[in-house]
There are 2 protein chains.
Amino acid sequence: MTPPAPLHLSLAGQAVDVLREQVLTGEIPPGSRVNEVEVAQKLGISRGPLREAIRHLASEGLLTLVPHRGAFVPDASPEDVRALFELRTALECAAAELAASRRTDVDLVRLQDVCAESRHNYKAGQPFPYRLDLAFHQTLIEAARSPYIAEQVRLVQQRVVLLRSALEDDPPHQHASMDDHDELVRAVADGDAAKASTVMRRHLSRVCAQMITSLTH
Amino acid sequence: MTPPAPLHLSLAGQAVDVLREQVLTGEIPPGSRVNEVEVAQKLGISRGPLREAIRHLASEGLLTLVPHRGAFVPDASPEDVRALFELRTALECAAAELAASRRTDVDLVRLQDVCAESRHNYKAGQPFPYRLDLAFHQTLIEAARSPYIAEQVRLVQQRVVLLRSALEDDPPHQHASMDDHDELVRAVADGDAAKASTVMRRHLSRVCAQMITSLTH
DNA sequence: AAACTGCCAACTGTCGACAGTTGACACGTT
DNA sequence: AACGTGTCAACTGTCGACAGTTGGCAGTTT
């Protein structure tokens, strides 16, 4: 058995959180290097815990390690995006199927709430915030109740966020995304696993294409 | 841009390989703890690189970390196995689909070779070695040509190996597995993605059930 | 005897310092 | 001027030691 539960947060753990934030927000821009002594001083910790944090983020795909050179924030090619979305599609389609067959009523309500909020914002003239898109997918994953899939989706989502030089507000795309989400909710509500999977695949295919086009411009 | 290529292997990297081997072979039995100073001495290295190796294996799911207690080799419950196979199914079904649509002729030959070797061994009275089962799935993954999916499959496979207190030689199950493999090859040969996915799902469902039963006995 | 309290050994978390490697710049050669 | 060579600074990889926390044991109390 895997012994008891955690307690508080080590310096390495804190460093992971801070660095992850800085990488995802672009505060540390893609392509740049992470200087161990410099960052360690800035965080007020030693190089040991920082190294562990760097290795951890590298295992999440948010940094790439080069021996004797250091850690770099990766910036991806269109080909990388395509390959990454193949993984994301595999995971989220499976999650959509499971969610369709396992969802509870409160899961359904949560999904509908997120969609409603998106619509409301959109009609009020505000753009469809990435925050709500993430929330939708996150809620769907939770409804699937498959912890290992959920964990992997979380990691993939992070990498996608890292690559989004292209959250560009493209209204047609946003509208289509919200339609996809609504259709997904209906499929999940009906317990139609096959349809949920199909819709999710189409949705992610569209999102992937959108990211690639706005990445190459 | 992710700068140049690697070179040789750091102490931490070597420690990862050695420890992974020891964990997967059961030399370090499930449930046992990994003492940092003890193992570091045994490997002839310092605690720093060893800690990095431990963290790395933890990120692969081969160890679980408990703050201030150390690293443990996890042993899973049937529920864990089920959840893990949900992930494996998601990944390998997607890989099977991709393989069906992307495979080259040499991919096909390789798959057929592995199946042929399995049959040959089996008819010679020898059991269906786990080695060949792994080789089959590995070959199929390569045919899918999706690097991110491939990497995740590799990690999941490792965790499955870790849990196999149950490679028990169950002839009916082995026979069924070989039939599944053959059917998969046919689907891949025909470029029938839907069938490949379906067969893979059924195959893994059977394997999962087998593991759970021989885990609870 | 059971339960609570305080102490102790063992181990992890963290730190600062040294050694080895890398990439770049300056110098000398052709 | 272009190329090859030697040197150097910067950074990573590694180490040994100290500090803080945990779980367990002995001793005491009820």
Side-chain angles (χ1 to χ4, degrees), chain A residues 1-20 22-23 28-75, chain B residues 1-20 22-23 28-75:
Chain A
M1 180 79 84
T2 49
L7 300 139
H8 77 300
L9 215 48
S10 67
L11 288 185
Q14 298 175 244
V16 166
D17 292 338
V18 174
L19 274 184
R20 172 156 41 211
Q22 292 186 349
V23 170
I28 303 178
S32 67
R33 197 169 62 84
V34 177
N35 186 318
E36 290 185 358
V37 296
E38 180 185 334
V39 175
Q41 287 180 352
K42 188 166 292 185
L43 295 183
I45 61 177
S46 175
R47 277 182 59 216
L50 177 63
R51 279 176 68 90
E52 289 185 0
I54 290 175
R55 297 304 194 277
H56 185 86
L57 290 178
S59 77
E60 290 189 359
L62 264 51
L63 293 175
T64 61
L65 301 179
V66 181
H68 297 287
R69 295 288 323 274
F72 295 79
V73 181
D75 54 351
Chain B
M1 176 106 72
T2 47
L7 301 139
H8 77 300
L9 215 48
S10 67
L11 290 186
Q14 298 176 244
V16 166
D17 291 340
V18 174
L19 274 185
R20 175 160 35 214
Q22 292 186 349
V23 169
I28 302 178
S32 68
R33 196 169 64 83
V34 177
N35 186 319
E36 290 185 359
V37 296
E38 179 185 333
V39 175
Q41 286 180 352
K42 188 166 293 184
L43 295 183
I45 63 176
S46 175
R47 277 182 59 215
L50 177 62
R51 279 176 67 91
E52 289 186 1
I54 290 175
R55 297 303 193 279
H56 184 87
L57 290 178
S59 77
E60 290 189 359
L62 264 51
L63 292 175
T64 61
L65 301 179
V66 181
H68 296 286
R69 295 290 321 276
F72 295 79
V73 182
D75 53 351

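Convention: sequence-line order gives letters A, B, ...; per-chain numbering from 1. All values below come from the heavy atoms of this structure, side chains included, with hydrogens, waters and symmetry mates left out.
- Between V34(B) and L50(B) there is no side-chain heavy-atom pair separated by less than 4.5 Å.
- In this structure, L57(B) CG and I28(B) CD1 are separated by 9.0 Å, a value rounded to the nearest 0.5 Å.
- Nucleotide dG24(D) holds its P atom 11 Å from the CZ atom of R33(B), rounded to whole Å.
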Using the 3.5 Å cut-off, write out each protein N or O paired with an N or O of nucleotides 5-8 of chain D and the distance between them.
none

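- For the salt bridge (charged side-chain N to carboxylate O under 4.0 Å, His left out) test with E36(B), the passing option among R69(B), K42(B), R47(B) is R47(B); the others fail.
- Taking atom NE2 on H68(A) and atom P on dT22(C), their separation rounds to 5 Å, with Å as the unit.
- Annotation: the span from L63(A) atom CG to R33(A) atom CZ amounts to 12.5 Å, rounded to 0.5 Å.
- Closest non-hydrogen pair, P29(B) versus S32(B), comes out as O-OG, 2.6 Å.
- Taking atom CG on N35(B) and atom P on dA9(C), their separation rounds to 17 Å, with Å as the unit.
- Listed by residue number, R47(B), R51(B), R55(B) are the residues of residues 41-58 of chain B with a heavy-atom contact under 4.0 Å to DNA chain C.
- The nearest whole Å value for the distance from the CG atom in L63(A) to the C1' atom in dT12(D) is 15 Å.
- The distance between atom CZ of R69(A) and atom P of dG13(D), rounded to the nearest whole Å, is 11 Å.
- Residue R55(A) holds its CZ atom at 13.0 Å from CZ of R51(B), rounded to the nearest 0.5 Å.
- A12(A) and P49(A) get closest at one heavy-atom pair: CB-O, 3.7 Å.
- The two residues A15(B) and L43(B) come nearest to each other via the heavy atoms CB-CD1, 4.2 Å.
- Defining each end axis of the helix from dA1(C)-dT30(D) to dT30(C)-dA1(D) as the rotation carrying four pairs' C1' atoms onto the next four, with five pairs an end, the two axes are found to diverge by 10° to 10 degrees.
- Atom pair L11(B):CG and dG20(C):P shows a separation of 12 Å (rounding to whole Å applied).
- Nearest heavy-atom pair, P74(B) versus L62(B), reported as atom, atom and distance to 0.1 Å: CD-O, 3.4 Å.
- A side-chain donor-acceptor contact under 3.5 Å links E60(B) and H56(B).
- Nearest approach of N35(B) to E38(B), heavy atoms of both residues: OD1-N, 3.3 Å.
- As rounded to whole Å, 16 Å separates atom P of dT22(C) from atom CD of E36(A).
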